[in-house]
Amino acid sequence: MSSLLANLNAEQLAAVTLPDEPALILAGAGSGKTRVLTTRIAWLIQNGRVSPAGILAVTFTNKAAKEMQTRLSSMLPINTRGMWIGTFHGLCNRMLRAHFRDAGLPQTFAILDSQDQLSAIKRLLKGLNVDDEKYPPKNLQYFINNAKEQGLRPADVEANDDFNRRFVDLYAAYDEQCQREGVVDFAELLLRCYELLRYNDAIRQHYQHRFRHVLVDEFQDTNVLQYQWLKLLAGYGSGNAAAVFAVGDDDQSIYAFRGANVGNMRDFEQEFRVRHLIKLEQNYRSHGHILDSANHLISHNARRLGKNLRTDAGHGEPVRVFQAGSDGQEASWIVEEIRDQIAQGMSRSEIAILYRSNAQSRVIEHALFSSGIPYRVYGGLRFFERAEVKHALAYLQLIENPRNDAAFGRVVNFPTRGIGAKSLEVLQDAARQYNCSLAEAVAYVPGKAGSSLGAFIRLIEQMRAETSRMTLAQTVEYVTNTSGLMTHYQTEKEGQDRIENLQELVTAAQAFVVEEGYGLEALGRMLPANRDAMPALAQGEQDQQVLDPEQLPVVMTPLVAFLTHASLEAGDNQAQAGQDAVQMMTVHAAKGLEFNVVFITGLEEGLFPHENSAMEADGLEEERRLMYVAITRARARLYLSFAQSRVLHGQMRYHVRSRFFEELPEASLKWITPQGQAYGAYGSGSGRQSSERESAWGRDWFKRAEDVPYTGVKPTGGMDTGKNYAEEKRAAATGFRVGQSVFHNKFGEGKIKALEGEGADARANIDFKRHGTKWLALSVAKLDAID
DNA sequence: CCCGATTGCGTTTTT
DNA sequence: CGCAATCGGG
C-alpha cells in the first residue's frame, strides 16, 4: 500500500489522499498531473473507499483516457476495461447506448464526425432551397454546435432579428433531419446525455448513486455543457453529492476558440464550496532558465488563479534567441542547430519544432528535407477520416441502417453506377414528398433511374444478408470487394495508397474485435456478430428496470461498435512512425508533450501573438498562455526565433519581433546574432512596452512596425533574402534553384522542389505537372530552365 | 463523366 | 503561394 504513495512529493501526496470531498487541483506543467490523478484512483480503490464501479474519470482525448487506464492497471491488479474511464463523448455514448429508448434514439444510431455534420448541413440547405451564400453551411454548423455546447435547443436560442431567426429555424430543421436519419453529431452526444440525466429521474438517481468519485482531467478545457453534465452526474446540490476531483491548469487554457470556459474553474470552486485547493508547483521537467521564462511570461496575465513553478534541476542553459532576416534564414539556422545537436548525440525525436500556424511548417520542412534530416509533421488527415475509408464505412453503415441518408448519398454513386445528379434530385424530391428516407424513396422513382437505384438497394440488401454470419473483419473485407471500391481504386492510377488503406481497415476491424473482447466469449453470450440472433434487441426490447449498463445484454453488435469507434476515435495522424525523426507541430498539438530540445519559431507580432487574437476579448492572454505551453515543453534546451520578413499567402510581409520577448527575463536569455548582421535595435532593453497598453495592442503593432528602425540587412524581397547558404552554393554550381520552373523532353513542365548533392551526384526533386514528383540526376537529365 | 482550369481562401482542434 | 472546391468543356 505504501508503495503507491512512495515517491510522491508533499503536494502530490496531499492531493492523492484528500477526503471524499470536492477538490480542485491546480496542476502546473510537468508537475505530475496524470500521476496524481491515477494514483488517486488507485489509492481510493486500494483503501476500500470506493469500488472500481463507483468511479467515473473523464478526459478530453482518447489518448489521455488510454494513458490513464494503462497506468492504473500497472498500479492495481484490476481490469480497467469495465470501468467508466473515458472521454466526455465516449462516456456519453456509452450511456446513450444503454438507455437508447429513454434518450429517444434508435438502437444503432450512427455518430457524425465534423465532416459528416457539414455535409448533412449542406444537404439540408439544398433540400430547403436555402441560399448558401447568405447562410454558409460552415456558419450554420458553428451556430448549431455553439448552441448545443451552451445546452441550448432551438427553442432556447434567442433570436433578435430575422437573420438569426432563420439560423434557429435551420438548427431545428437540422435536428429533425438527424432524428429522422438516426444520426447524432458530437455535440449532440453530450447534450442528449445531459438531457437524459436531467429529465429521467430514475436514470439520474441511479448514476448519482453509483458514482461516488468523479475525476476530471484538463478541467480548464471544459465547456459550459460539460460542466453542467458533470454537476448533474455528481449530484451537485443533492446532499449526497459525489466527490469531484477536478484537475486543471488555468495557465494552460488554450481552447477558448472551441468553447472551453476557464471560468468553470472559478465556478466550480464557488459552487461546490471547494475546501481543498491544492497547487502542484514542483516541476519535474524543465531546467531553471526555461521555467523562469515561463513564470515571468505568464505573470503578465491578469486573470489567474495564481501559481509559480519551481524546479530542483538548476539553471541549466540560457534560452537562445535568434533573429533571422527571413523565414528561409530562420529555417536554415534551425537546420544548422539541429545538425549540431544530432552530432552531439541528441536523438532526433527529442527535438521539436513548434509554430503557431500550420502554414509555417512548409519552409522549415523544405530546409530539413534538403539537408536530409528525417522529420515528422503532426496533423493532417487521420485514418478514419480518409475518403476511401469513409466510403467503406458508409456501406457498413447502410447495412446497419439504410435510413442513414448521409451514408446513402456518399456511396450511392461511388463507384459510379450511372446514378447522376438528375436521378438523385428525383429521388430527393420523392423522399421529401413521402417524408421518408432516400432508401425508402427509391420505390417511388420510375424509369431507368429507378432501376439503377433499385439495383443499389439490392446490393445493400445482399451485403446485409451475406455478411450476417460473418465476423467483423470478414464483413469489412466482403464490403470493400462487393461495393466495387477495390476494383475502382485498382483501375485508378494513384489508387495504391487507397487500396492499402482499405486493407488496413480490414486489419483494424480484426484488431478491434480482439481488443474489445468480441471473441468466442461474446459468441457464447449471444452471438453478437450475428444480427439475426438478436430478435429481442432488434425490436428494442430493452429491460427498462435494469439501469446498470453492465447488467444489460450486449446492446451493440461488433459492427455498430466498430462504426462508433471509427467516429469517436479517428485514429493516428500518420502511420509513418518508426524512424527516429525531428518532431514538427503546432503549439496546440504540443500540449501535454515534452522534448529535450524545443524550437519556438515565428515569434513575430501578428503571427505569435496572432493578429486575429486582438479581436477577441481575452485573446492576447490566450496567446500568452499558448506561449507558456510552448516554453514549458522544453526540458533542457529552448530556442526562440523570429524573422523580419516572411512569405505569407504568397506575399512578403515584414514583421516586428513578438512582444513576448519583452515579457521574458533578460537574465535567462542569450541573444544569438546572425553572422554579418548588426542587431542593435533588436537588442535587449529597447522598445520595452508596458502591459497596460495591451487593450489597444492591435493598433500598437502597426505603429511599432513603422517606428522600429532596421539597422540590420533590410530585406528587399525576392530571391536573395533568406536563402539557405548551402543551397545558394548548390544553385550556383548546377545552374538551378529550388522553385525554378523547368522543362524536360519526356516529362514536360515541372518545378524544382529540392536540390541535393554536388557535382556528378547533384540531383533535383522535380514536381512535374503531368507525371508527378521525380528525382532526376542533373548530370543525366536534359533540363531547360523556363522563365 | 472526367479532367483541367478557375476561383477563393488562408489560426489554433478534439470528439 | 498552395490547397480545396467548384466550374465548364470535351
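Naming convention: chains lettered A, B, ... in sequence-line order (proteins, then strands); numbering from 1 in each chain. Please read these numbers as outputs of a predicted model, since none were measured by experiment.
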**Q** Do the numbers put Arg376(A) on top of the ring of Tyr378(A), so that NZ or CZ is under 6.0 Å from the six-membered ring centre and no more than 45° off the axis?
**A**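 Positive - Arg376(A) is close enough to the ring of Tyr378(A) and near enough to its axis.
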**Q** Distance check needed: dT14(B) P versus Leu593(A) CG, whole Å only.
**A** 11 Å
**Q** Counting only side-chain N and O atoms of Asn62(A), is one of them less than 4.0 Å from OP1 or OP2 of dT14(B)?
**A** no
**Q** With the side chain of Thr416(A) defined as its heavy atoms from C-beta on, choose the nearest nucleotide among dC2(B), dT6(C), dT15(B).
**A** dC2(B)
**Q** Relative to the 5' end of DNA chain B, which residue comes earlier, Asp113(A) or Ala421(A), by the nucleotide with the nearest heavy atom?
**A** Ala421(A)
**Q** In whole Å, what is the span from the CG atom of Asp132(A) to the C1' atom of dT6(C)?
**A** 12 Å
**Q** Mind checking Asp185(A) for me? I need base, sugar-phosphate or nothing, with any heavy atom below 4.0 Å counting as a touch.
**A**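 No contact.
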**Q** Using atom C1' of each nucleotide, how far apart are dC3(C) and dT14(B) to the nearest Å?
**A**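 Taking atom C1' in both dC3(C) and dT14(B), they lie 23 Å apart.
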**Q** Cation over ring, Arg97(A) on Phe109(A), under 6.0 Å and within 45°?
**A**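 Satisfied, under 6.0 Å and within 45°.
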**Q** What integer distance in Å separates Leu96(A):CG from dT15(B):P?
**A** 18 Å
**Q** Closest nucleotide of DNA chain B for Leu568(A) versus for Gly420(A): which of these residues is on the 5' side?
**A**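 Looking at the nearest nucleotide for each, Gly420(A) comes out on the 5' side.
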**Q** Asn413(A) has a side chain; which of dT6(C), dT15(B), dC1(B) sits nearest to it?
**A**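 Comparing dT6(C), dT15(B), dC1(B) against the side chain of Asn413(A), the answer is dC1(B).
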**Q** Is the distance from OP1 or OP2 of dT15(B) to the nearest side-chain N or O of Arg258(A) less than 4.0 Å?
**A** no
**Q** Is there a donor and acceptor pair, one atom on the side chain of Ser114(A) and one on the base of dT13(B), closer than 3.5 Å?
**A**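 When only heavy-atom distances are counted, Ser114(A) does not reach the base of dT13(B) through any donor-acceptor pair under 3.5 Å.
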**Q** How long is the line joining CG of Leu190(A) and C1' of dT14(B), in whole Å?
**A** 11 Å
**Q** Charged N to carboxylate O under 4.0 angstrom, Arg303(A) versus Asp250(A)?
**A** no
**Q** Restricting to side-chain contact (heavy atoms from CB on, under 4.5 Å), what partner residues turn up for Asp131(A), sequence neighbours left out?
**A** Glu133(A), Lys134(A)
**Q** Check this for me: does any side-chain nitrogen of one of Asp249(A) and Lys33(A) sit under 4.0 Å from a carboxylate oxygen of the other?
**A**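 No, no charged N to carboxylate O under 4.0 Å.
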**Q** Could you tell me whether Arg123(A) and Glu181(A) make a salt bridge, using a distance below 4.0 angstrom between a side-chain N and a carboxylate O?
**A** yes
**Q** I'd like a list of close polar pairs between nucleotides 8-12 of chain B and the protein, N/O only, cut-off under 3.5 Å.
**A**
unit_1, atom_1, unit_2, atom_2, d
dG10(B), N3, His649(A), ND1, 3.1
dT11(B), O4', His610(A), NE2, 3.1
dT11(B), O2, Arg356(A), NH1, 2.8
dT11(B), O2, Arg356(A), NH2, 2.2
dT11(B), O4, Glu616(A), OE2, 3.4
dT12(B), OP1, Asn358(A), N, 2.6
dT12(B), OP1, Asn358(A), ND2, 2.7
dT12(B), O4', Arg356(A), NH2, 3.3
dT12(B), O2, Arg356(A), NH2, 2.7

**Q** Can you tell me the distance, in whole Å, between the NE2 atom of His89(A) and the P atom of dT13(B)?
**A**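 From His89(A) NE2 to dT13(B) P: 17 Å.
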**Q** Could you list the protein-to-nucleotides 7-10 of chain C atom pairs, N/O on both sides, closer than 3.5 Å?
**A**
none

**Q** Under 4.0 angstrom, heavy atoms only, what part of the nucleic acid is Asn93(A) near: base, sugar-phosphate, or nothing?
**A** nothing
**Q** May I have the distance from Glu133(A) (atom CD) to dT7(B) (atom P), rounded to whole angstrom?
**A**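 These atoms are roughly 15 Å apart.
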**Q** Would you indicate, yes or no, if dC3(C) has its OP1 or OP2 atom less than 4.0 angstrom from a side-chain nitrogen or oxygen of Arg362(A)?
**A**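 Arg362(A) to dC3(C) OP1/OP2: side-chain N or O found under 4.0 Å.
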**Q** Please enumerate all residues that pass side-chain contact (heavy atoms from CB on, under 4.5 Å) together with Val130(A), with sequence neighbours excluded.
**A**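 By the side-chain contact (heavy atoms from CB on, under 4.5 Å) rule, Val130(A) matches Leu125(A), Leu128(A), Tyr135(A), Arg166(A), Leu170(A).
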**Q** Quick one: ring pair (Phe, Tyr, Trp, His ring centres under 6.0 Å) partners of His488(A), sequence neighbours excluded?
**A**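 Ring pair (Phe, Tyr, Trp, His ring centres under 6.0 Å) check on His488(A) returns Phe414(A).
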**Q** Under a 4.0 Å threshold between the charged nitrogen and the carboxylate oxygen, would Lys148(A) count as salt-bridged to Asp175(A)?
**A** yes
**Q** Test of understanding: with ring pair (Phe, Tyr, Trp, His ring centres under 6.0 Å), list the residues that count as partners of His565(A), not counting sequence neighbours.
**A** Phe384(A), Phe512(A)
**Q** Can you measure Leu381(A) atom CG to dT14(B) atom P for me and round it to whole angstrom units?
**A**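 Whole-Å distance recorded here is 12 Å.
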**Q** Take the protein atom CD of Glu385(A) and the nucleotide atom P of dT13(B), then report the distance between them rounded to whole Å.
**A** 12 Å
